[in-house]
Amino acid sequence: MLGCQDIKMVSCYQDSGFPKWGYRERSLSVEAKNLKNGEKKIVTLLKRKQNVSTSCSEKTRRLHVNTSVSSHERRYSCTPGQVKSSGRYPCDISSLGCEERNELLVTLEQAVAFVTTMVFQDGSSQLNSEQASTSSVKGVVVLVKNQTDHPCPPSHTSTGYTWNAANENDKLFYFKTEQSSPWEQEQAHKKISWQVLFQMLQCKVPIICFNAKDFLRTLLQVYGDEISWKQVADCVVLDPRIAAWLINPSDTVPSFECLIQKYFEKPFSKGTENTDTGTLRNVSVSSLVCFKIKISLWNLFCTLELPLIKILAVMETHKIYVNKQELKKTSEILGLRLKELEQEAHEVAGERFLLTSSCQLREVLFDKLKLHMLCEKLHRTEIQQLVSTSEVVLNKLQDLHPLPKIILEYRQVHKMKSTYVDGLRTCMKKGFISSTWNQTGTVTGRLSSKHPNIQGISKHPVTLTKKQYIKGKEEDIVTISPRTLFVSKKGCTFLAADFSHIELRILADLSSEPELLKLFQEPEITDIFSTLASQQNSKNNLSKERLADCLGITPVQASQFIESFMQKYKKVHEFTKKTIEQCRNKGYVVSIMGRKRPLANINAQDYKLRTQAERQAVNFVVQGSAADLCKMAMVKIFASVVISPTLTARLIAQIHDELLFEVEDSQIEEFSARAHSRLLGLFSVKQWIYSCRHQVFIHKLWSSLTKAQQYVWLNQLA
DNA sequence: GCGGCGCTCGTAAGG
DNA sequence: TCCTTACGAGCG
């Protein structure tokens, strides 16, 4: 699988606290005179190797060419400056004199790549901490790759690496981000730091960093006054972790060390013992990582995932304000309601028990009341195969006893309180929240968010039917809608741009079923259709009369509709069969943008495992492709805001098929129009909170596009 | 004996 | 169906 056409990324790093780094016979001592223990740790170097195969060299070189044109031009138009602390010594830039600082800035202009690593207070770094360290950031180490010659002579076998990790022209420096010294000195240091960073960001030379998102976010947090989010959005970052995840989204890479383990300790190509790895394995001080991205993933990596890093970093630095008073009030109201429900439940059950415990509830419902005797085929739990107490089961038991209904309401209210109200409060600092976005947390290519999980915030309001919460006020209906707890900044509005039935559309396209595609061209039918599709069980027979009634069409038309519906099923079945077949042959499936998911169990003996893998394969193609499109939309809309001199709209969340923005009221029209034009109207843009005060922008849908436009769109992405 | 910690399980929200 | 996060109970 990993042949010479692979793009190679090579990284050298220091895995002990020892303040020097070695590289094969060339072991270079770093006298970190200006650094403290923890700061000495890190030297990273990551270098892209030039491709060897002529047939793909064009492709692999693209990033290099694209990103270094400007610096390349500059490089030959001026004399390289000599920075005193040349190369091997990570000098603290605060110790530099005025001239030396200028020299440093000149050096930066000539760089072809930067490799950065954050160092934390506790002495750990981005390379040896398990995950985003909770410890605060102390400083940043930067390696400036400054070679004017070609990085590596081409080699013609996968074993013939020429590791050219350290170049004489490379510079290494360090700057603090924490406040420690007296104010004036601090300001001076801060100034040079952000000048350096400014230079790094705007020169469009790749910044290579493990966990690059955390790095960029920190920059925005520390230098937020000096460096704008649009500047950060403009830089070029590379993150080996993302690359590893693209190669196989299933294996998690918790740390840089794991990355090395996976891509270095193992032989690169089967059968041949790499002489370089053999040598290097013996070098106990440093390790190397080499990971590879197939050509097929390169485009996805560069056009989608890398730009996303910056977008997520910017999103994480945006403050989403929360209505604190409302939060407190609703928490109390919900708490009261829970108490009431608890009491009611105890009364009807005839005993006290813990309502939140499914075990205890099971005892009451089935051991004591024997309700399962009166109802057939109740769903069971996954592992222990006990009768479930899930919503579905409770709904079935509703008419047999008053308890299930009480439990259902209790659960609803409890979920609301614990997750959306109290949970949100624990994520808050000073009246606002910022989610953490994980780009490599899913196997399907989706994003995930946590603290709080903004993607999981309930859409639907809960209404409390009980009264007398507030004395004297006979309020008997209170509705609580979690999304309204978020408040936009003054003079701004939350706007949501969302795809409509994205996965179904993708299925239509992938199964290339004309009947199905046609359905999307009739907007009125679309909704009903999708409702039917989601509700319709294969067993549940749909009569043409009922459908005719439902759609307001004649039974003849209805039966035609049903036929096309069944036709769709047939085509979809063919699609799933084809997908599974491909997966069996290749061992993996791909999405429309080339995202991969290997499925080891696809050829398993075990029926259960095999069929699960089959479902996963089909699901991946659809869900993964949808994720591709949504990410693409994100990148495009974000970019259009970044290049606009006027727009200030902030992307604040992605809820899979929906993008949430905070837009200045005066810019709503302009923003909507731009979002719309960028995506050929695939999005509808409307106010986020679904209390739907007014529709801001009426969209054109996919369905209203011509076939040609649809193809343009899809081809653009493919 | 008790509380903290980490784990699995069940449930339910998002898509 | 599948894939996420979050929460609480219960166990060791």
Side-chain angles (χ1 to χ4, degrees), chain A residues 249-250 252 338 353-363 379-395 407-427 435-462 481-483 496 498-507 530 533-538 572 576 579-580 589 591 595 597 599 611-627 629-631 653-660 690:
Chain A
S250 304
T252 48
L338 284 180
F353 69 101
L354 206 47
L355 271 73
T356 45
S357 162
S358 45
C359 276
Q360 294 185 28
L361 179 63
R362 194 156 22 238
E363 277 175 31
H379 181 248
R380 287 180 176 266
T381 61
E382 188 58 45
I383 298 170
Q384 298 192 51
Q385 291 294 312
L386 302 168
V387 184
S388 167
T389 66
S390 67
E391 191 182 341
V392 184
V393 172
L394 260 43
N395 273 325
I407 299 292
L408 282 170
E409 192 183 344
Y410 185 91
R411 289 232 179 110
Q412 204 182 23
V413 177
H414 185 263
K415 174 94 185 174
M416 184 70 74
K417 180 167 155 52
S418 63
T419 308
Y420 305 129
V421 180
D422 295 346
L424 206 61
R425 288 168 93 183
T426 62
C427 296
S435 282
T436 306
W437 295 89
N438 193 351
Q439 198 175 346
T440 58
T442 67
V443 287
T444 52
R446 279 182 167 186
L447 293 172
S448 73
S449 86
K450 59 180 184 181
H451 298 304
N453 176 10
I454 210 163
Q455 295 177 317
I457 305 242
S458 185
K459 243 177 156 172
H460 308 290
V462 160
S481 172
R483 294 194 178 191
D498 68 320
F499 276 106
S500 138
H501 306 121
I502 178 79
E503 291 194 5
L504 218 52
R505 286 174 204 278
I506 283 169
L507 191 61
S530 59
S534 61
Q535 289 174 351
Q536 200 65 26
N537 300 325
S538 48
V572 168
T576 58
T579 306
I580 292 164
V589 268
S591 72
R595 190 185 302 283
R597 178 170 186 193
L599 285 160
T611 51
Q612 189 192 24
E614 287 172 354
R615 289 192 303 273
Q616 286 170 327
V618 176
N619 181 259
F620 174 84
V621 176
V622 178
Q623 203 184 97
S625 299
L629 292 192
C630 294
K631 281 178 164 178
Q654 188 245 41
I655 305 151
H656 305 123
D657 64 348
E658 171 177 316
L659 299 178
L660 184 58
Y690 295 132

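Each chain gets a letter, A, B and so on, in the order its sequence line appears, and its residues count up from 1. Remember, predicted model here, so these are calculated numbers, not experimental data.
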For [X] and [N], give me the distance from atom [atom1] to atom [atom2], rounded to whole Å.
{"X": "A:Arg362", "N": "C:dG8", "atom1": "CZ", "atom2": "P", "result": "19 Å"}
{"X": "A:Leu338", "N": "C:dG8", "atom1": "CG", "atom2": "P", "result": "11 Å"}
{"X": "A:Leu355", "N": "B:dG10", "atom1": "CG", "atom2": "C1'", "result": "15 Å"}
{"X": "A:Gln455", "N": "C:dT4", "atom1": "CD", "atom2": "P", "result": "11 Å"}
{"X": "A:Asn619", "N": "C:dC3", "atom1": "CG", "atom2": "P", "result": "6 Å"}
{"X": "A:Lys415", "N": "C:dA9", "atom1": "NZ", "atom2": "C1'", "result": "15 Å"}
{"X": "A:Lys631", "N": "C:dT4", "atom1": "NZ", "atom2": "C1'", "result": "13 Å"}
{"X": "A:Asn453", "N": "B:dA12", "atom1": "CG", "atom2": "P", "result": "17 Å"}

Where the side chain of [X] is concerned, which of [options] is the nearest nucleotide?
{"X": "A:His656", "options": "B:dT11, C:dG10, B:dG14", "answer": "B:dG14"}
{"X": "A:Ser357", "options": "B:dG15, C:dA6, C:dG10", "answer": "C:dG10"}
{"X": "A:Leu354", "options": "C:dA9, C:dC3, B:dA12", "answer": "C:dA9"}
{"X": "A:Thr419", "options": "C:dA6, B:dG14, B:dG10", "answer": "C:dA6"}
{"X": "A:Thr356", "options": "C:dC3, C:dA9, B:dT11", "answer": "C:dA9"}
{"X": "A:Arg411", "options": "C:dA9, B:dA12, B:dG14", "answer": "B:dA12"}

Surrounding CD of A:Glu382 (heavy atoms of other residues, nucleotides or ligands, distance under 6.0 Å), is the total greater than 12?
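Counting other residues, nucleotides and ligands, CD of A:Glu382 stays at 12 neighbours or fewer.
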
Any donor-acceptor pair under 3.5 Å linking the side chain of A:Ser435 with the backbone of A:Pro452?
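Between the backbone of A:Pro452 and the side chain of A:Ser435 there is a qualifying donor-acceptor contact (under 3.5 Å).
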
Would a distance-only check, ignoring hydrogens and angles, find a side-chain to backbone donor-acceptor pair under 3.5 Å from A:Glu658 to A:Gln654?
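Not at all, since once roles are kept as given, no pair shorter than 3.5 Å links the two residues.
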
Is there a side-chain contact between [X] and the phosphate of [N], meaning an N or O under 4.0 Å from OP1 or OP2?
{"X": "A:Gln612", "N": "C:dC2", "answer": "no"}
{"X": "A:Ser448", "N": "C:dC3", "answer": "no"}
{"X": "A:Thr444", "N": "C:dC3", "answer": "no"}
{"X": "A:Ser458", "N": "B:dA12", "answer": "no"}
{"X": "A:Thr389", "N": "B:dT11", "answer": "yes"}
{"X": "A:Thr442", "N": "C:dC3", "answer": "no"}
{"X": "A:Arg615", "N": "C:dC2", "answer": "yes"}

Using a heavy-atom cut-off of 4.0 Å across all strands, would you classify [X] as base, sugar-phosphate, or nothing?
{"X": "A:Gln384", "result": "sugar-phosphate"}
{"X": "A:Arg597", "result": "sugar-phosphate"}
{"X": "A:Gln412", "result": "nothing"}
{"X": "A:Phe620", "result": "nothing"}

What's the spacing between A:Cys630 SG and A:Ile655 CD1 if we round to 0.5 Å?
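One gets 11.5 Å once the value is rounded to the nearest 0.5 Å.
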
Residue pair A:Arg411 / A:Thr389, side-chain donor-acceptor N/O under 3.5 Å:
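The criterion, which ignores hydrogens and geometry beyond distance, is satisfied for A:Thr389 and A:Arg411.
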
What about A:Gln623: does its side chain form a donor-acceptor pair under 3.5 Å with the base of C:dC3?
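There is none.
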
Which is it for A:Lys631 and A:Leu447 under the side-chain contact (heavy atoms from CB on, under 4.5 Å) test, yes or no, and what are the steps along the way?
CA-CA 9 Å; A:Lys631 281 178 164 178; A:Leu447 293 172; 4.0 Å; yes

